[in-house]
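Computation of the quantities below employed the complete heavy-atom set of this structure, encompassing side-chain atoms and omitting hydrogens, waters and symmetry-equivalent molecules. Proteins get letters first, then strands, A, B, ... in listed order; numbering begins at 1 in each.
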Amino acid sequence: MLGILASIIDGLLVGLVYGLAAMGLTLIWGVMDVINLTHGAMIVAGMFALYWLTSALGLSAYAALPPVMIGGFCAGILLYWIALHRMIGRPPLMSLLSTFSVNLVLIGVGTALWGTALFNVEVSVPGLSLGRYTFPGPHILAAVLAAVIACLLYLFLHYTRLGKAIRAVANNREAAELVAIPTTRVLALSVGIGVALAGVSGVLIGTLFPFTLLSGDAYQLKAFIVTVLGGLGNPVGALIGGVALGLLEGVVAPFVPVSWTLVIEFTLFVVVLIAFPGGVFASRRGAL
Amino acid sequence: MVRQPFFWIISAVIAIFAILPVLGNNVELRESLILAALYITLASNLNLMLGYAGYINFGSIVFFGLGGYICVWLVNAHAWPLAASLLAAAISVSLLALLFGLGILRLRGAFFALATIGINEAVQAFVENFGPWGGSSGIYLSQAVFQPLGGPAQALWVIYFMMVATMGFSLYLSYAIKTSKFGLGLLAIGQNEDAAAILGVPTPLYKALVYSASAFLPAIAGGLYFLKSAFIQPSDAFDLTLSTEVIVIIMLGGQGTITGVALGAYLYEELRGFLLTSETFSNFQLVVAGVLLLLIVQFFPGGLMGFIYRRLPWTQKVFE
């Protein structure tokens, strides 16, 4: 019984991090109707930045968060101007292909230069014991940080002028333009924030699990599942969806071989997409 | 259809593919052309979805991989004759696609694209865990299965001609659909799905049908390809690189055009051959594909044929 409880709690902790990983994806989707297929690559970039900052510069793992956030933000602005700016008003097919091609370039350069070896970042944070079970410290810390960052994003979107502008653009771009919101700048900013969130979640995931250059695909798909569970374009829903996915993983893990979890998750993904195209936990579209 | 010049252009291309390597028994040319024929088959069939109906399928390789698996498995474990197992693979993959299609094609645009990624991953993960198909280590074929075709060397030629035939059927199918009422409905869906539905196009049915139709010939191509290599494993069968390359090919040639897609497939095959043999670029093949795709999407959304149509308007009448 305690075993199940322990795996539920661990699923909850990891789920919060998944939620954070999906938040960047869902923000960009909500604001500019673009599914950012470079999301996985950006998560991996966060992981590798973590590896580099801790091993080469000797920073502690959590001190890597601010530089990754800033770097991710700049990368996001760059991504907007390279791949997305010209796609506004074009069929969604084109923006998908555009981010898809940037992803190809990033992953291609990465594998050519660094290969696909397994990396691991050691983080020593004391765990929390509960009877016979010990919850690893990094899991707890990552979950707390993910929740804090999610709260900050929520506060930013709802209580600052810029955040309100982002929500206005998400709601109706033409109307936002009519009330003199510089939409282009707002779009570029939201892509920047979205990519920064991807990088940050990459750092946090990197403290939990070993990773390769190609891990991004799996986490990107998890982010899609979370987004679909929580409703596209809805950061709060993303957090709830992440917890749901984490709980599912935690509950399923003791009973099913690891290699089958992916099959279950992706089947769930497709089923949820069909049954609830607007998201399971979303009451209405555009809840940003 | 038979009266149109384009029909005879397709036929001439098929004839060239069939005759060229036979002259002088040129095995090297045959190997290069079989790859081109494979690319043309996959690209033309994906074009039915992407170019006509405007639906992007990131996992089109599922059809190819599943077709290969079913075919190799039937030949290996049940000793079916090659032709029968190819046909069985194509029919079962097509039916499966119809089933998938009726479900996921209720999704629009980007949601559909996401679902296709999910399907690819789920099918690959399933096959990796599926015991009868050898799990992640795959299935090896013994050379004995080629005896009825007159030994391995002879069999490679038979497989080549069958691949060219598959390519031919793909081109004819693309043309037949494009000139039919069904094709008109698909093009309308690609332009504006709501308007198409209001004008009486049965959109869910059409989308499911074209999804299923676009699975049939790639499944045969997959069967042929993996019979040729006499070995199949999940990472080869569901290689997302091939899915990606096929998308690049369609955008390079011009989405929705038949000539463009075939031309794009041939050009890409040549480019790929050059990249793989060149020292600087052999590791950067996907990067080059990515940059190419980005440039096309950003600056030349019409692709090669879009450019040619604008420069030489008369070509629109001849080359579909």
- Query: Given the side-chain rings of Tyr211(B) and Phe100(B), with only the six-membered ring counted for Trp, is the space between their centroids under 6.0 Å?
  - Reply: no

- Options Val291(B), Leu293(B), Leu50(B), Leu295(B), ranked by heavy-atom pairs under 4.5 Å with chain A, top entry: Leu293(B)

- Okay, Leu294(B) and chain A: the region with an atom under 4.5 Å from a heavy atom over there is both

- Task: May I ask you to name which of Ile82(A), Thr111(A), Thr99(A) has the most heavy-atom pairs under 4.5 Å with chain B?
- Result: Ile82(A)

- Task: Answer yes or no: are there more than 12 heavy-atom neighbours, outside Trp81(A) itself, under 6.0 Å from its atom CH2?
- Result: yes

- Item | Phe238(B) ring center within less than 6.0 Å of Phe64(B) ring center | no

- Message: Please check this pair: side chain of Ser243(B) against backbone of Ile61(B), looking for a donor-acceptor N/O pair closer than 3.5 Å.
- Response: yes

- Message: Heavy-atom pairs under 4.5 Å with chain A: which of Glu128(B), Gln298(B), Met251(B) has the most?
- Response: Gln298(B)

- Heavy-atom pairs under 4.5 Å with chain A, option from Val287(B), Asn129(B), Val297(B) with the top count: Asn129(B)

- Message: With a 6.0 Å cut-off (strictly less than), is the heavy-atom count around OH of Tyr51(A), excluding the residue itself, greater than 12?
- Response: no

- Where on Gln255(B) is there a heavy atom nearer than 4.5 Å to chain A: the side chain, the backbone, both, or neither? side chain

- Segment of Leu221(A) engaging chain B (4.5 angstrom heavy-atom cut-off): side chain

- Item | Donor-acceptor pair, side chain of Tyr219(A) and main chain of Gly202(A), under 3.5 angstrom | no

